[in-house]
Amino acid sequence: MLAALGAALIVFVAGLSAWLAVRRVGDVLNRPETTGPQRIPFSGGDPPAVHAWNRFHARYYAMALLFLAFDMEMVFMYPWAVVFVREGMIAFVEMLMFIVILMLGILYAWREGALEWS
Amino acid sequence: MVMRDAVAEGLRRLLIPLACRAPVRVFALAGVNSPTNIDDLRLRDDICLVDSPRSANVLWVAGLLPAPLQDSARRVHAMMSHPRATVWSRPSVMTAEHATLFPHATIVGPSEDLFEALRTVQRALLTKRHASDEALLPDEEPAPWRGVGPYGQGGTGMTGGVPYGRPMAERAPDRDGLELDQLPMRIGPFFPPFPSGLILDVRLQGDVVQEVTIAESLFAQGNVLSSGESQGDLLRDPFRRALTEPVPVGELELARARHHLRWLAHALRVHGLEALGRRVLMFVPALEPGKAGDILALRRLLDRIRTFDWSTAGVGILERQQLSGRGLGPVARAAGLSDDSRLVDPAYDKLGFEPLVHNDGDCRARWRQRLGEVIQSLALARAGAQPAGGAGSVESPRGVLRPETGPTPALLTLLPGLVRGMEWGDAVTTIVSLDLDVREARAASPVETPTSGKPAVERDE
C-alpha cells in the first residue's frame with residue numbers, strides 16, 4: 001500500500017517538476033514584453049477603428065442542439081443494448097418509439113429550415 | 001539572476017545553430033519596380049513567405065512603395081517581434097522620401113543575390129552580429145483603456161462604453177431578421193491574398209459582408225505606373241511595350257501564359273492548396289510552347305480536386321450585361337462574352353485566332369478560362385513570330401490595357417456590389433478571381449472597347 005502511494009507521489013512530484021521546468025525554460029527564452037504597435041491586430045497594415053467585441057448570429061446553434069439530442073440518444077442506447085437480449089421485442093419496440101419521437105423532432109427542425117446554412 | 005542568464009545563454013548556444021539552418025521567415029511588402037518577383041521566393045526551400053508580420057523575422061520590401069502606402073508599411077514593420085530585420089530590394093535611383101523610409105534596412109541592388117542576402121541577415125540576426133531593427137513608431141498604446149467598470153463597459157451595459165479606446169460596433173438588421181452588430185474593418189493594403197495596395201473598408205456581420213467600399217487612398221496617388229518610379233516594370237512587361245511598339249506574338253503569348261499560371265498559383269494558395277500552387281509556379285520559369293501537355297495534365301488534376309471546385313462553383317457570378325464592352329479580358333470571356341482586342345489585330349487574324357469563352361461567369365469559370373487561355377497561348381506562341389500590337393491598346397492578361405489605364409478600375413466599380421451579402425471566404429475567393437492590379441487603378445472611367453467575334457466555347461459542367 002505504502003509502496004503504491006510512494007510511486008504515485010513520485011509520479012506527481014516528477015510531473016510537477018517537469019511542468020515547472022518547462023515554464024521556467026519558456027520564461028527564460030520568451031520575451032513577453034511587447035510594444036503598443038505590436039499589439040495591433042494585423043489586417044493588412046492599418047489599425048482597426050472599432051472594438052472587436054461584437055455580437056453575431058451563431059447560425060450553428062440549432063444544428064448544435066439537434067446534434068446534442070441525437071448524441072444523448074446514443075448514450076441511452078448503450079444500457080438498452082445490455083437489456084435488449086433479455087427483454088427482446090418489448091425493448092426493441094420501446095427504443096423504436098423513442099427514436100420515432102426524436103425523428104419527429106428532426107423533421108420539424110428540417111421543415112423550419114434549421115438545417116439550412118444560408 | 002546569474003543562473004538564469006547562464007541557462008539562457010546555454011540554451012541559445014544550443015538552439016541558434018539549428019535556428020540558422022531553418023528557412024528564413026519573410027513577410028513581403030510588394031511595391032513597384034522590384035528587381036525580384038515575390039513568386040521567385042516561393043520556389044525556394046530556404047525561404048518561407050509568411051502571411052503575417054508577427055510570424056516573420058525578416059521584412060522584405062520589394063521595390064518602391066508609393067507615398068499612400070508608406071505609413072502602413074511602417075506599421076507592418078512595427079508589428080514584427082524581435083529579433084527583426086529589413087531587407088530592401090530597390091533600384092539605385094530613388095527619391096529622398098524613399099531613402100529615409102527604412103533607415104535600418106539592408107539594401108540589395110538589382111545585380112545582387114537577394115536570397116543570399118536574406119539568409120545572411122537571418123544568420124547575423126540570430127547570432128547577434130546584426131542588431132534587431134529599432135522601432136520606427138513610438139511605443140504608444142494604440143487604443144488606451146478608457147472604459148469604466150471591470151470589463152470597460154462604461155457602466156451602461158455591455159455595449160455602452162469605449163473599451164480600449166475603440167467604440168463598439170453599431171447594430172443593424174442582419175439576414176436572419178435580427179438586430180446585431182456590424183463590425184467595420186479595414187483590410188489592406190498589405191493583406192496577403194489581395195494585391196498590394198488594395199484597401200477595402202468592409203462591414204461584417206459575423207462572417208457576412210454587408211458593405212464594401214474601396215478606400216479613397218487607393219486613388220490618391222493616381223496611376224503609380226505613370227509616376228516615373230516604375231520605368232523598370234514598364235520595360236519588363238511586354239504588354240506595356242506593345243502599347244507603343246510591335247512585339248512578337250510568341251513573346252506576348254508566353255507572357256500571358258506565365259501571368260495566368262502565376263495567378264492560378266496564388267488562387268490555389270489562397271484556397272489552402274499551398275503545395276499545388278507551388279507546383280504550378282514551377283512551370284513558370286521554364287514555360288515554352290511545347291509544355292501544353294503538362295498544362296493539360298494540370299487541368300485534369302484541378303478538375304479532380306473537389307474542394308477547389310466546390311469553393312469556386314456558383315461564387316461571384318458576373319452577368320454579361322455588367323461586363324459587355326468594357327475590355328475586361330478573361331473575366332468577361334468567362335461569362336460568355338467574346339470581348340478580345342486580339343480579334344482586330346492583323347497578326348492574330350493571320351493565325352486564325354478565336355477567343356475562348358466559358359458561360360457560367362463564376363469563379364470556377366474564371367479559373368477554367370485562364371487555364372484554357374494558357375493552353376491557347378502556348379499554341380499561339382508556337383505558331384506566331386510575327387509582330388503584334390503597337391496600336392495604343394493591347395489585350396493584356398487582365399483585359400484591354402491602354403497607356404493611362406487598364407481593366408482594374410472597371411473591375412473595382414463592380415466589386416462592392418459583387419461581394420455584398422457574401423460570406424467572407426467567398427468574398428476573398430471572388431476578389432482573387434478578378435485578378436486586380438492596383439497600379440492600374442485611378443479615378444478614371446472604365447475602358448470602353450466594343451469587340452466581338454465568333455467564340456470557341458468550352459462547355460461548363
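A note on names: the letters A, B, ... follow the listed sequences, proteins ahead of strands, and every chain is numbered from 1.
- Counted within 6.0 Å of CD1 on A:Ile90, heavy atoms from surrounding residues, nucleotides or ligands total 12 or fewer; the atom is thus considered open.
- Taken to the nearest 0.5 Å, the CZ atom of A:Phe56 stands 11.5 Å off from the CG atom of B:Asp174.
- With a 4.5 angstrom heavy-atom cutoff, B:Pro192 touches chain A only via side-chain atoms.
- Counting heavy-atom neighbours within 6.0 Å of A:Phe98 CZ, excluding the residue itself, gives a total above 12.
- Summarising the geometry of B:Phe190 relative to A:Phe42, their closest heavy-atom pair is O-CZ, 3.5 Å, with the distance given to 0.1 Å.
- A donor-acceptor pair under 3.5 Å is formed between the side chain of B:Arg54 and the backbone N or O of A:Gln38.
- Looking only at distances, a side-chain donor or acceptor of A:Ser43 sits under 3.5 Å from a matching main-chain atom of B:Arg186.
- No side-chain heavy atom of A:Pro37 sits under 4.5 Å from any side-chain heavy atom of B:Leu136.
- Proximity to chain A (any heavy atom under 4.5 Å) is shown, for B:Ile187, by both the backbone and the side chain.
- The local environment of CD in B:Glu134 is sparse, with at most 12 non-hydrogen atoms from other residues, nucleotides or ligands closer than 6.0 Å.
- To the nearest 0.5 Å, atoms CE (B:Met79) and OG1 (A:Thr34) are separated by 12.5 Å.
- Between B:Pro184 and A:Val50, the shortest heavy-atom distance links the atoms CG-CG2, 3.4 Å.
- Pairing each heavy atom of A:Arg55 with each of B:Leu180, the nearest pair is O-CB, 3.6 Å.
- Closest approach of B:Leu11 to A:Val25, counting heavy atoms only: CD1-CG1, 3.9 Å.
- Counting heavy atoms of neighbouring residues, nucleotides and ligands inside a 6.0 Å radius, atom CZ of A:Phe70 exceeds 12 of them.
- Using modelled atom types, no side-chain atom of A:Asn54 and backbone atom of B:Leu183 make a donor-acceptor pair closer than 3.5 Å.
- Here the side chains of A:Pro47 and B:Arg75 are in contact, with some heavy-atom distance below 4.5 Å.
- What you find for B:Ser72 and A:Asp46 is that their closest heavy atoms are OG-OD1, 2.7 Å.
- Proximity to chain A (any heavy atom under 4.5 Å) is restricted, for B:Asp51, to the backbone atoms N, CA, C and O.
- Counting heavy atoms from C-beta on, the side chains of B:Gln205 and A:His57 never come closer than 4.5 Å.
- Within 6.0 Å of the CE atom in A:Met103, the count of heavy atoms belonging to other residues, nucleotides or ligands does not exceed 12.
- The shortest non-hydrogen separation linking A:Gly44 to B:Val76 is O-CG2, 4.4 Å.
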